[in-house]
Number of protein chains: 2
Amino acid sequence: MNNPEILIIDDEPQIRKLLEISLESNDYKVWQASTGKEGIIMAANHPPELILLDIGLPDKSGHEVLKELRAWYNKSIIMLSVQNSEEDIVTALDNGATDYLTKPFRTAELLARIRAAIRRNQQTNNLSTILNFNALQIDLTARTVKKNNEILKLTSTEFNLLTLFVNNEGRVLTHQFILKEVWGVGFQTETQYLRVFVGTLRKKIEDNPNQPKYILTESGIGYRFI
Amino acid sequence: MNNPEILIIDDEPQIRKLLEISLESNDYKVWQASTGKEGIIMAANHPPELILLDIGLPDKSGHEVLKELRAWYNKSIIMLSVQNSEEDIVTALDNGATDYLTKPFRTAELLARIRAAIRRNQQTNNLSTILNFNALQIDLTARTVKKNNEILKLTSTEFNLLTLFVNNEGRVLTHQFILKEVWGVGFQTETQYLRVFVGTLRKKIEDNPNQPKYILTESGIGYRFI
DNA sequence: TACTTTCTTTATAAATTCTTTACACCTTTA
DNA sequence: TAAAGGTGTAAAGAATTTATAAAGAAAGTA
C-alpha cells in the first residue's frame, strides 16, 4: 500500500513543520503550500488524498480557497483555524469542508480525524461524469444516454461515435478522423459506414432527424456536434 | 423531499428535549432512545439517516454501542460527550464515528456538522444491508434474495454476480470487468461463463427471462442492472 | 461410497449488430 | 437542363454476439 498524500496549506512555517513531522512519522506523504493560490495549483497538479487548509492565509481567505477547491476536488478537506468562531465553522462545513479543528489542536485528535476522513474517502462513490446538451444527458462511465430523462438504447458503436462527438463539441471532425477513432486504423475510407451510423444516431437523439440540431453535417468535410 | 430522520441516544431528558426542539425546527424527524440497548433496537427497526450518540449511557458505554452499530449500520454517527478527553475522541473516531462534539455544544455548529454528515451519507456507497428493487429484496449480509417475499435459492457465484450488479446499478459493466470481479483475474476471457450465469440468474429473478427487466444485455459490451 | 449440488464445457438456435448495396435527394457547376 | 459529387435512408445479407439446453467434471455432503 502506498502512503496517502496530504497537502498542507498554511502560511505559518512552524505549524507546517509541526504538521509535517507528525504526519510523516505516521506514514503520510506530505506536500506543503504557504498561500491559497499555491495550494490550489498544487492540488490541481497532484490531487492529494486529503487537504489541511488554514483559514487565515495571506492572499485569500481559507473560505475562498475551499470554495475554489470544491468546484472539482471531492476528497476530504479539513479546515484549521485559530478562530473558534461558530460562524466560521458553520460557513466552512456548509461550503463542503469535511471537518474543522481549532488551533492549537491536539495531535492525536488531528490524526484520528485524518484517519476518519481518509477512511470515508475510500467509501465515497466515484461519481460519474454526466454531460448535458439540452434534452440530452450522457453518462460516460455508465454508458447511458437519456433524452428527456428516458434511456435510449444505443449499440456499442453508436455510443462510441456519440462519445467522440461530445468530447469534441463544436469542433468539425473529418470523416477520416472519426473513422479512425471509432472503427480503427484501416477504416478511414469507409465513409458510408459513417453515413449509416450518423443516420441511426440522429434517428435516436434528434427530435427531427431531417433537421438535425445536434449532429450537423459539414458537407465535404465531416460532422460537427453542438 | 422527505425529512431526514435522526435518532438521539442519550439518557438525559433535558438534552434530548433541547436537541428535539432544534432538530425539529430544522425539519428533521427525530427519534429518541434513553439507553444503548433501546437505541440499537430502534436503529435496527428503522435505520435513521444519522445517529447522535452520547458516550455516557446508563447501561453500556457509547463506545460499545458505537461498535455494535457499526457492525451493520454505515451511515453517520456523531458522538456527544461531556468529556473533552482526547483518548475518547480518538477511540470514537477510530471505531467509526463520523464526528465528535463535546457538550455543551453550540447549536449552529451541531447543525452544520449534521448537515455535513448527512451530505456525506448521500455520497457514500450505500452498502446498507438490504436493498430493494421492485419485487426484489436483497440482503447483502445474510446473502439472501427475496422475490415477492419468497426466498430464492441462489448459488454462491450467482449471489456474487447479483451483488456486483446491484452495487453498480444503472452502469454498464463490461464482460471483462464482471469476470474479473466475480471469478478473479485470469477469467476475463471466459465470456461464456457469464452468459450461462446471467441465464440462470434471470431464470430466478426475472418474471419473464425472455424479456429481462433487471439484467439488461448491452450487446458487444456487457450487462447492466436496473 | 453414493448422492447432490454447483461449475465448466460444448453445441446450437436466436437475436442483434454490422456491412454492403441500391437508390433517392440535394447542391453545385457546366 | 443535365451531370457530377456528396449525402441520407432503407433494406438485405453477413457476421458477430447472445441465450439456452444439456452433458460432463468437479466439489461438497451425508
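In what follows, every chain begins at residue 1, and chains take the letters A, B, ... in the order their sequences are listed. Side-chain atoms are counted along with the backbone in the values below, which use heavy atoms only and exclude waters and symmetry mates.
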*Asks:* Starting at atom CG of A:Leu161, determine the distance to atom C1' of C:dT19, rounded to an integer number of angstrom.
*Replies:* 16 Å
*Asks:* What is the distance from CZ of B:Phe159 to C1' of C:dT6, rounded to the nearest Å?
*Replies:*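 B:Phe159 atom CZ is separated from C:dT6 atom C1' by 17 Å.
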*Asks:* Between the side chains of B:Arg16 and B:Glu20, is the shortest nitrogen-to-carboxylate-oxygen separation below 4.0 Å, so that they form an ion pair?
*Replies:*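 No, this pair does not count.
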*Asks:* Answer yes or no: side-chain N or O of B:Glu190 and base N or O of C:dT8 forming a donor-acceptor pair under 3.5 Å.
*Replies:*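 Counting by modelled atom types and ignoring angles, no donor-acceptor contact under 3.5 Å is found here.
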*Asks:* Distance check needed: C:dT9 P versus B:Phe197 CZ, whole Å only.
*Replies:* 11 Å
*Asks:* What is the distance, to the nearest angstrom, from the CG atom on B:Leu179 to the C1' atom on C:dT8?
*Replies:*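 B:Leu179 atom CG is separated from C:dT8 atom C1' by 13 Å.
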*Asks:* Between C:dT6 and B:Thr157, is there an OP1 or OP2 to side-chain N/O distance shorter than 4.0 Å?
*Replies:* no
*Asks:* At less than 4.0 Å, is any side-chain N or O atom of B:Tyr193 found next to OP1 or OP2 of C:dC7? Yes or no.
*Replies:*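 No, because none of the side-chain N or O atoms of B:Tyr193 sits under 4.0 Å from OP1 or OP2 of C:dC7.
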*Asks:* Roughly how far, to the nearest 0.5 Å, is the OG1 atom of A:Thr98 from the CG atom of B:Asp99?
*Replies:*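 B:Asp99 CG to A:Thr98 OG1: 10.5 Å, rounded to 0.5 Å.
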*Asks:* Walk me through whether B:Phe225 and B:Phe133 qualify under ring pair (Phe, Tyr, Trp, His ring centres under 6.0 Å).
*Replies:* CA-CA 10 Å; B:Phe225 185 88; B:Phe133 299 92; 5.0 Å; yes
*Asks:* For chain B and DNA chain D, what are the first and last nucleotides along the strand, 5' to 3', with at least one atom under 4.0 angstrom from a heavy atom of the protein chain?
*Replies:* D:dT17 to D:dA21
*Asks:* Establish, with yes or no, whether the OP1 or OP2 oxygen of C:dA15 is under 4.0 angstrom from a side-chain nitrogen or oxygen of B:Ser219.
*Replies:*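 No, B:Ser219 has no side-chain N/O under 4.0 Å of OP1/OP2 on C:dA15.
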*Asks:* Nucleotides 23-28 of chain C: which of its N/O atoms have a protein N/O under 3.5 Å away?
*Replies:*
none

*Asks:* What integer distance in Å separates B:Gln211:CD from C:dA14:P?
*Replies:* 16 Å
*Asks:* Applying salt bridge (Lys or Arg N to Asp or Glu O under 4.0 Å), which residue pairs with at least one partner in residues 205-221 of chain B are found, sequence neighbours left out?
*Replies:*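 Listed by first then second residue: B:Lys147-B:Asp207, B:Asp207-B:Lys213, B:Glu218-B:Arg224.
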*Asks:* Determine the interplanar angle of the B:Phe187 and B:Tyr193 rings, folded into 0 to 90°, and report it as parallel if under 30°, tilted if 30 to 60°, perpendicular if over 60°.
*Replies:*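 Tilted, since the angle between the ring planes falls between 30° and 60°.
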*Asks:* Looking at C:dT17, I'd like to know if its phosphate oxygens (OP1 or OP2) sit under 4.0 Å from a side-chain N or O belonging to A:Lys153.
*Replies:* yes
*Asks:* Counting just side-chain N and O atoms, does A:Trp183 come under 4.0 Å of either OP1 or OP2 of C:dC18?
*Replies:* no
*Asks:* What integer distance in Å separates A:Lys204:NZ from C:dT16:P?
*Replies:* 12 Å
*Asks:* How would you label the contact of B:Val196 with the nucleic acid (heavy atoms, under 4.0 Å): base, sugar-phosphate, or nothing?
*Replies:* base
*Asks:* Send over the distance from B:Gln192 CD to C:dC7 P, rounded to a whole Å.
*Replies:*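 Rounded to the whole Å, the gap is 15 Å.
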*Asks:* Are the side chain of B:Thr35 and the backbone N or O of B:Asp59 linked by a donor-acceptor pair below 3.5 Å?
*Replies:* no
*Asks:* Taking all non-hydrogen atoms of both residues into account, name the closest pair between A:Ala43 and A:Leu69 and its distance.
*Replies:*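 So the minimum-distance heavy-atom pair works out to CB-CD2, 3.9 Å.
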*Asks:* B:Asn210 has an atom CG; how far is it from atom C1' of C:dA14, in whole Å?
*Replies:* 11 Å
*Asks:* For the residue pair B:Tyr100 and A:Arg113, what are the closest heavy atoms and their distance?
*Replies:*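 B:Tyr100 and A:Arg113 have their closest heavy atoms at O-NH2, 3.0 Å.
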*Asks:* Minimum heavy-atom separation for B:Tyr214 and B:Ile205, please, with both atom names.
*Replies:* CE1-O, 3.6 Å
*Asks:* List the atom of B:His175, the atom of B:Gly220, and the distance in Å for their closest heavy-atom pair.
*Replies:* CE1-C, 4.5 Å
